[in-house]
There are 2 protein chains.
Amino acid sequence: MEGKNVCIRELADPVQINDCRKKVAANEKSFTQLSAILSLAGNDVRLKILYLLEEEKELCPCDLSDILGMSIPAISQHLRKMKDGDIVGSRKVGQTILYSLRTEHLKLLRPFFKIINQVNLKTETV
Amino acid sequence: MEGKNVCIRELADPVQINDCRKKVAANEKSFTQLSAILSLAGNDVRLKILYLLEEEKELCPCDLSDILGMSIPAISQHLRKMKDGDIVGSRKVGQTILYSLRTEHLKLLRPFFKIINQVNLKTETV
DNA sequence: TCATTATTTAAGCAAATGCTTAAATAATGA
DNA sequence: TCATTATTTAAGCATTTGCTTAAATAATGA
């Protein structure tokens with residue numbers, strides 16, 4: 001951004017622009033946090049994992065690997081990302097580690113699962 | 001995936017696993033489509049753009065560049081991605097191109113804006 | 001027609017992503 | 001104690017992402 005390539009039109013409403021700047025500034029943290037969660041859900045594999053955890057309550061990396069036909073390390077790395085992002089949690093039972101959805105962000109995530117099931121319903125009826 | 005590194009535990013419930021596989025298979029397309037949209041929203045800059053379009057109804061790349069303090073090409077490339085993903089549309093007025101949210105996916109996106117504004121409210125009251 | 005303005009496109013590049021394979025941890029049970 | 005099982009971690013690598021700068025399009029108005 002070298003100040004070049006900048007529009008200088010008079011159509012621009014400086015009040016509106018300034019208003020928008022303030023809105024963005026006031027919500028900076030929300031944008032960062034929300035976009036982080038959305039980018040976690042914005043991956044095919046992770047969205048499937050989240051969906052399966054919602055359906056089954058708890059699953060281990062091993063099960064997920066079986067279900068999704070992916071290597072255990074690949075699954076494990078996805079789970080770690082989501083754990084770091086606080087959208088999944090885990091408990092240990094023997095040598096098995098059971099992952100589950102954390103409740104904090106369920107309000108955000110649940111509509112996604114609903115959408116998935118709705119579309120499913122649609123294709124089933126056809 | 002070389003079949004190696006696979007858990008062979010007896011704890012696994014083969015019925016459950018198979019059930020899960022079916023659920024995933026039945027919704028394959030939904031996962032792909034939904035995760036694509038979420039990954040678009042799962043970026044700080046794009047989430048801000050979406051939020052601003054919701055608030056202001058229409059904005060041009062130039063305005064967005066001003067508001068977000070980013071180069072015009074950077075903004076333009078984000079807008080193109082979202083246009084390709086069908087979550088924004090555009091109309092031309094003279095040499096200005098006005099971008100806006102497409103209605104199709106608003107049901108999915110609106111809760112995000114709500115969350116942003118809620119958090120904003122909270123911090124304002126403090 | 002030509003300079004100006006708004007936008008897009010393209011090439012280049014550093015950083016992030018998502019897998020792979022191999023090795024490291026940790027719990028279990030013989 | 002030692003082999004087995006479940007999981008994580010780490011290194012390597014190809015691909016994708018998101019910016020930059022420079023050049024290409026396209027509309028406007030003198």
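Lettering follows sequence order; numbering is per chain, from 1.
Distance, B:Asp66 CG to C:dT7 P: 10 Å, rounded to whole Å. Counting to the nearest Å, the C1' atom of D:dA10 and the CD1 atom of A:Ile72 are 17 Å from each other. Rounded to whole angstrom, the span from the CG atom of A:Leu40 across to the C1' atom of C:dT17 amounts to 12 Å. In this structure, CG of B:Leu79 is placed 11 Å from P of C:dT9, rounded to the nearest angstrom. Distance, A:Leu64 CG to D:dA6 C1': 13 Å, rounded to whole Å.
Here the OG1-CG distance, from B:Thr96 to B:Leu59, works out to 12.0 Å after rounding to the nearest 0.5 Å. Taking CG of B:Leu38 as the start and CG of A:Leu38 as the end, the distance is 6.0 Å to the nearest 0.5 Å. Rounding to the nearest 0.5 Å gives a distance of 15.0 Å between CG of B:Leu52 and OH of B:Tyr99.
Nearest nucleotide to the side chain of A:Pro61, out of D:dT7, D:dC19, D:dT9: D:dT7. Candidate nucleotides C:dT7, D:dT8, C:dT20 were compared by shortest atom distance to the side chain of B:Ile97, and C:dT7 ranks first. Of the candidates D:dT9, D:dC19, D:dT7, D:dC19 carries the atom nearest the B:His78 side chain, counting heavy atoms from C-beta on.
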For residues 103-112 of chain B, dump all side-chain donor-acceptor pairs below 3.5 Å to protein atoms at least two apart in sequence or in another chain.
unit_1   : atom_1 : unit_2   : atom_2 : d
B:Glu104 : OE1    : B:Arg102 : NE     : 3.4
B:Glu104 : OE2    : B:Arg102 : NE     : 3.3
B:Glu104 : OE2    : B:Arg102 : NH2    : 2.3
B:Arg110 : NH1    : B:Glu54  : OE2    : 3.2

Report all side-chain donor-acceptor pairs from residues 74-83 of chain B shorter than 3.5 Å, counting only partners two or more places apart or in another chain.
unit_1  : atom_1 : unit_2  : atom_2 : d
B:His78 : ND1    : B:Arg46 : NH1    : 3.2
B:Lys83 : NZ     : B:Ser90 : OG     : 2.8

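When side chains are defined from C-beta on, B:Ser35 counts as touching A:Asp44, because their heavy atoms get closer than 4.5 Å.
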Which dot-bracket notation, 5' to 3', represents the base pairing of DNA chain D when pairs are defined as Watson-Crick or G-U with both distances under 3.5 Å, crossing pairs as [ ], and inter-strand pairs as |?
||||||||||||||||||||||||||||||
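Among residues two or more places apart in sequence or in another chain, the salt bridge (Lys or Arg N to Asp or Glu O under 4.0 Å) test is passed with A:Asp84 by none.
Counting all heavy atoms, side chain and backbone alike, A:Leu47 lies closest to B:Phe31 at CD2-O, 3.8 Å. Counting all heavy atoms, side chain and backbone alike, B:Cys62 lies closest to B:Ile72 at CA-CD1, 3.9 Å. Across A:Gly42 and B:Ser39, no two heavy atoms sit closer than the pair O-CB, 3.1 Å.
Near-neighbour residues of DNA chain D inside residues 43-50 of chain B, defined by a heavy atom below 4.0 Å, number-ordered: B:Asn43, B:Val45, B:Arg46.
Residue B:Lys81 is in sugar-phosphate contact alone, with no base atom involved, counting any heavy-atom pair closer than 4.0 Å across all strands shown.
One finds a side-chain N or O of A:Ser71 lying less than 4.0 angstrom from the OP1 or OP2 phosphate oxygen of C:dT20. Contact check, A:Tyr99 against D:dT8: a side-chain N or O comes under 4.0 Å of OP1 or OP2. Applying the 4.0 Å criterion to OP1 and OP2 of D:dT7, one finds that A:Ser76 has every side-chain N and O outside that range. Phosphate contact (OP1/OP2 of D:dA6, side-chain N/O of A:Thr96, threshold under 4.0 Å): absent.
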Do nucleotides 25-30 of chain C as a string where each nucleotide becomes B, S or -: B if the base has a protein heavy atom under 4.0 Å, S if just the sugar-phosphate does, - if no protein is that close.
-SBS--
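A donor-acceptor pair under 3.5 Å links the side-chain atoms of A:Asn27 to the main chain of A:Lys23, judged by distance alone.
Residue-to-nucleotide proximity on DNA chain C shows that, of A:Ile75 and B:Arg80, the 5′-proximal contact is made by B:Arg80. Comparing A:Leu98 and A:Gln77 against DNA chain D, the residue whose closest nucleotide sits nearer the 5' end is A:Leu98.
A side-chain contact (heavy atoms from CB on, under 4.5 Å) with B:Cys20 is found for one member of A:Glu56, A:Lys48, A:Glu55 and no other, namely A:Glu56.
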